[in-house]
Amino acid sequence: MDENNTFPSPSAPTDDCASNGSAAPEIAGWHSPTQGGITTPIAPEGGIGAYPGNDTNDTDSTGGQGLTTPTAPEGGIPAYPGSPSGAASPLFPNTPTDPCVPARPDLPARPGQQSPGFGQVRFINASTNTFPVIFSIDGTTYAVDSRFGNVSAYQWITDGFHTVSVNRSTGMQALLLQQTFPFRADHKVTMVLMDSREGGLELLQIADTCCCNIPGGYGCYRVANVSYSGSDFDIALYNGDTIFRNVGFKDITAYKQGLAGNYTFYVTNASFYQMLQELPVILIGTVTSSTAIARPLTSANVTIRAGQNTTTYIMGNTWSTYGLRMVTVDD
């Protein structure tokens with residue numbers, strides 16, 4: 001029979017992040033006073049909800065309403081849900097996170113520390129133009145008055161795609177180049193401005209986070225050719241031992257382990273003799289060749305530090321004001 005049929009009343013979902021102290025408006029449904037055949041008791045006007053021990057004749061400090069507010073003992077602190085009595089206040093560290101309060105965004109860490117959501121970027125000017133330039137990302141200036149051979153410090157950048165702009169520092173500050181690149185959190189990159197194959201300017205993004213688990217007493221070393229289109233170089237020691245072979249324009253060699261110490265590296269035109277082999281590891285005093293370099297194009301003293309990544313950038317050319325040179329930086 002219909003009068004014997006029963007219908008369960010679905011429970012309304014609870015919201016842990018409901019507004020503070022403000023009740024949400026009632027929605028018509030099984031829990032409304034007029035729906036589903038259910039009548040909800042309503043307190044009489046001017047009354048209060050009953051609870052065990054309530055005495056409407058009580059005339060104590062509750063104003064005759066019979067409500068009593070618990071008071072923390074002297075010298076104590078209120079407990080919060082899920083904490084033992086006397087636990088630290090949620091305003092202090094090591095307390096549960098309130099799901100109703102948005103988490104504070106991560107801020108950049110101090111230099112030398114990783115910062116979630118942030119990477120690092122620096123700029124190198126390898127262009128042989130005689131005028132200085134300004135490097136900016138999304139309208140924020142990162143380096144000013146940068147000239148040939150200048151290297152900026154690493155600075156923070158958020159994870160994601162960003163637009164890099166290059167403007168002249170003098171005159172009308174005309175826009176010379178603009179390009180969008182991806183940047184990754186917890187990664188360092190170097191942006192190199194250089195002469196392009198077509199005779200203009202171009203930007204090259206080079207990752208600087210690639211050499212880990214270095215043995216004790218060793219560092220990592222690599223070479224990047226950002227000089228001019230068509231160039232091809234070997235990098236060797238004075239005795240002819242080759243460190244890197246056939247490093248073409250825009251090539252970045254892999255890092256190679258090197259015993260910590262001071263070295264002098266020479267740049268020569270690339271040799272295509274198959275008998276010439278690269279040293280697998282850079283070691284001070286290693287001699288595998290007896291043929292000294294006859295005509296090096298340029299050279300540089302390089303210090304390889306234990307546990308450190310180091311890169312030498314070959315830039316310039318043999319006909320410009322600046323000439324060919326090696327610029328070495330720690331990554």
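Since we're looking at a predicted model, the values are computed, not measured.
- Between D208 and R122, some side-chain heavy-atom pair lies under the 4.5 Å cut-off.
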Subject >> Stepwise side-chain contact (heavy atoms from CB on, under 4.5 Å) check, I134 with S146 >> reply: CA-CA 6 Å; I134 299 172; S146 177; over 6 Å; no

**OP:** Would you check, one step at a time, whether the test side-chain contact (heavy atoms from CB on, under 4.5 Å) holds for F265 with I282?
**Re:** CA-CA 11 Å; F265 294 128; I282 307 170; 4.2 Å; yes

Subject >> salt bridge (Lys or Arg N to Asp or Glu O under 4.0 Å) between R197 and E202, worked out >> reply: CA-CA 9 Å; R197 302 177 189 272; E202 65 176 303; 5.4 Å; no

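- By the 4.5 Å heavy-atom criterion applied to side chains, L259 and V281 are not counted as neighbours.
- Between D330 and R305, at least one side-chain N (NZ, or NE/NH1/NH2) sits under 4.0 Å from a carboxylate O, which counts as a salt bridge.
- Applying the ring-ring contact (aromatic ring centres under 6.0 Å, His included) definition to pairs two or more places apart or across chains, those involving residues 168-188 are H162-F183.
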**OP:** List the steps and the verdict of side-chain contact (heavy atoms from CB on, under 4.5 Å) for L204 and M191.
**Re:** CA-CA 6 Å; L204 180 65; M191 304 299 301; over 6 Å; no

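- Using a 3.5 Å distance cut-off with no hydrogens or angles, the side chains of N262 and T303 do pair a donor with an acceptor.
- For the residue pair N317 / S227, no side-chain donor-acceptor distance below 3.5 Å is found, with atom types taken as modelled.
- Partners of F123 by ring pair (Phe, Tyr, Trp, His ring centres under 6.0 Å), not counting sequence neighbours, listed by chain and number: F135.
- A side-chain N or O of N129 and one of S127 form a donor-acceptor pair less than 3.5 Å apart.
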Original post:
After noting the C-alpha distance and the side-chain angles of W319 and Y228, does the key distance pass the ring pair (Phe, Tyr, Trp, His ring centres under 6.0 Å) rule?
Top reply: CA-CA 11 Å; W319 61 87; Y228 57 91; 5.1 Å; yes

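- In this structure, M172 stands alone, with no Ile, Leu, Val, Met, Phe, Trp or Tyr side-chain heavy atom under 4.5 Å from its own, directly or through other members.
- Of the candidates T209, T311, N309, T190, D331 forms a side chain to side chain donor-acceptor pair (under 3.5 Å) with just one, namely T311.
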**OP:** For side-chain contact (heavy atoms from CB on, under 4.5 Å), just list the numbers for N246 and D234, CA-CA rounded to whole Å, side-chain angles, deciding distance to a tenth of an Å, and then say yes or no.
**Re:** CA-CA 5 Å; N246 303 332; D234 286 348; 3.7 Å; yes

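- In terms of heavy-atom proximity, P182 sits nearest to F161 at CB-CE2, 3.7 Å.
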**OP:** Start with the C-alpha gap between T163 and T180, add the side-chain angles, then the distance that decides, and say whether side chain to side chain donor-acceptor pair (under 3.5 Å) holds.
**Re:** CA-CA 4 Å; T163 301; T180 300; 3.1 Å; yes

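- F233 and V226 fall into different hydrophobic clusters, where Ile, Leu, Val, Met, Phe, Trp and Tyr are joined by side-chain heavy atoms under 4.5 Å apart, directly or via other members.
- Among V223, T312, T268, N225, the one residue that satisfies the side chain to side chain contact (heavy atoms under 4.5 Å, CB included) test with I235 is V223.
- Ion pairing between a basic and an acidic side chain is recognised when a charged N comes within 4.0 Å of a carboxylate O; D251 and R222 show no such pairing.
- The heavy-atom pair separating A224 from I206 by the smallest distance is CB-CD1, 4.4 Å.
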